[in-house]
Amino acid sequence: MTLIVGYANEEIGFLVGETLLTPLLEVKGNPIGPVSGEFHGLKIQIIDDNTAVAFASSNAADAALTLIGQLAQELVQNAKFDPATRLAERHAELLASKKSDPPDCEFLVLRIDGDRKRLAHITDGVLKYVERAYIGDPAQYRRLLELKKPYVGPKQQTTVHLDGTTTIESIVNSAGLVEFVEIGLALQALVEQRRGEGIGAIAGNIIRVVDARISRKLEYLQTHEASITQAEGKAGYSLLASNSGKRGVGIYYVAGKVGFVMIAGDTEPCRKLPAETMDEFKQFAKSQFDLNLC
């Protein structure tokens, strides 16, 4: 299953997806194992502060990653061109060069330009700007919509000031923020169904990218879970994010004393890092891959 959901309007821009590279599993034909990470990858890549690209593919994950990597390099050299247009052009060129065996991949490009947020959907080399879209498995998207539930958040927040006084304020969540929460929770529920098939908690991880309220830049969000399957123990895992310098995510399992890093622009979809503690895992991620996980 591959499923990435995107949304952009004047309030918010986000991409939410999972990490399992199902086509690689089908090609290699090997069992996944609880936390091997062998068939996982970062399918939402933040390539600069204002641009994130997501891909879905049934037979060409490597080709999709190559196109994204080329786009990231071009943005470093010249940040003035439109990345969605350029990616659509590159995709069309790739399809034209491989007419006998065309790569089956599609993309979402989320672009933040000041207060303007735009989402582009690219399929068959054709670009279309939309407010919302998904790429991947249509059946899984229909299932996600079935799992989507209304979000009922807190109505008030209490602030304790330095002088000891408190103030109570009403919370009014925007429609875009509510959509972000609802889609994230629905996708979380969807991918966690894999655990009954013995795939393990790494399949239950989802990647959330959103324009952050404070930095106003695109960031990966963290996830923490305290109770998981019997095969992985009861210590849980943490999904850490690197949002400064080199971007990517790290997933650390306390019981297994192992972590995995998935790096934006990397040639390898997922890298395994044995580590005795999460602090050691973060140190290894920094020293070996220059990731600032937190």
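No hydrogens, no waters, no symmetry mates; every other heavy atom, side chains included, goes into these values.
- Closest approach of Leu108 and Gly6 over heavy atoms only: CD1-N, 3.8 Å.
- A salt bridge between Arg111 and Asp48 is present, with a side-chain N of the basic residue lying under 4.0 Å from a carboxylate O of the acidic one.
- To the nearest 0.5 angstrom, Thr2 atom OG1 is 3.0 Å from Lys43 atom NZ.
- For Asp62 (side chain) and Leu65 (main-chain N/O), no donor-acceptor pair under 3.5 Å exists by modelled atom type.
- The ring pair (Phe, Tyr, Trp, His ring centres under 6.0 Å) pairs that include a residue from residues 141-175 are Tyr134-Tyr141, where partners are two or more places apart or lie in different chains.
- How far CD1 of Ile46 is from CG of Asn243: 5.5 Å, rounded to the nearest 0.5 Å.
- The shortest non-hydrogen separation linking Phe289 to Lys246 is O-CD, 3.2 Å.
- Comment: Lys149 does not engage Glu182 in a salt bridge, judged by the lack of any side-chain N to carboxylate O separation of less than 4.0 angstrom.
- With rounding to the nearest 0.5 angstrom, the CG atom of Leu15 is 11.5 Å from the CD1 atom of Ile207.
- For Asp266 and Arg271, the salt-bridge test passes: some basic side-chain N is under 4.0 Å from an acidic carboxylate O.
- Not one N or O on the side chain of Glu106 forms a donor-acceptor pair closer than 3.5 Å with the backbone of Ser57.
- The CZ atom of Phe260 lies 12.5 Å from the CG atom of Leu239; values are rounded to the nearest 0.5 Å.
- Checked against the 6.0 Å centroid criterion, the rings of Phe14 and Phe180 qualify as a close aromatic pair.
- Between the CD1 atom of Ile122 and the CG atom of Leu127 there is a distance of 5.0 Å, given to the nearest 0.5 Å.
- Judged by the 6.0 Å and 45° rule, Arg132 forms no cation-pi pair with Tyr7.
- Each of Lys217, Arg213, Glu219 was scored for a side-chain hydrogen bond (donor to acceptor under 3.5 Å, both in side chains) with Ser215, with one residue passing: Glu219.
- Atom-to-atom distance recorded for Asp49:CG and Ser244:OG is 10.0 Å, nearest 0.5 angstrom.
- For Ala120 against Tyr129, the heavy-atom pair with the smallest separation is CB-CE2, 3.8 Å.
- Identified under the salt bridge (charged side-chain N to carboxylate O under 4.0 Å, His left out) test for residues 279-294, with sequence neighbours left out: Lys286-Asp290.
- Just one residue in the list Val5, Leu147, Leu3 forms a side-chain contact (heavy atoms from CB on, under 4.5 Å) with Leu187, and that residue is Leu3.
- Using modelled atom types, one finds no donor on one side chain facing an acceptor on the other under 3.5 Å when comparing Ser242 with Asn292.
- Salt-bridge annotation for Arg118 and Glu131: absent, with no side-chain N of the basic residue lying under 4.0 Å from a carboxylate O of the acidic one.
- Leu110 and Val130 fall within a single hydrophobic cluster, where Ile, Leu, Val, Met, Phe, Trp and Tyr are joined by side-chain heavy atoms under 4.5 Å apart, directly or via other members.
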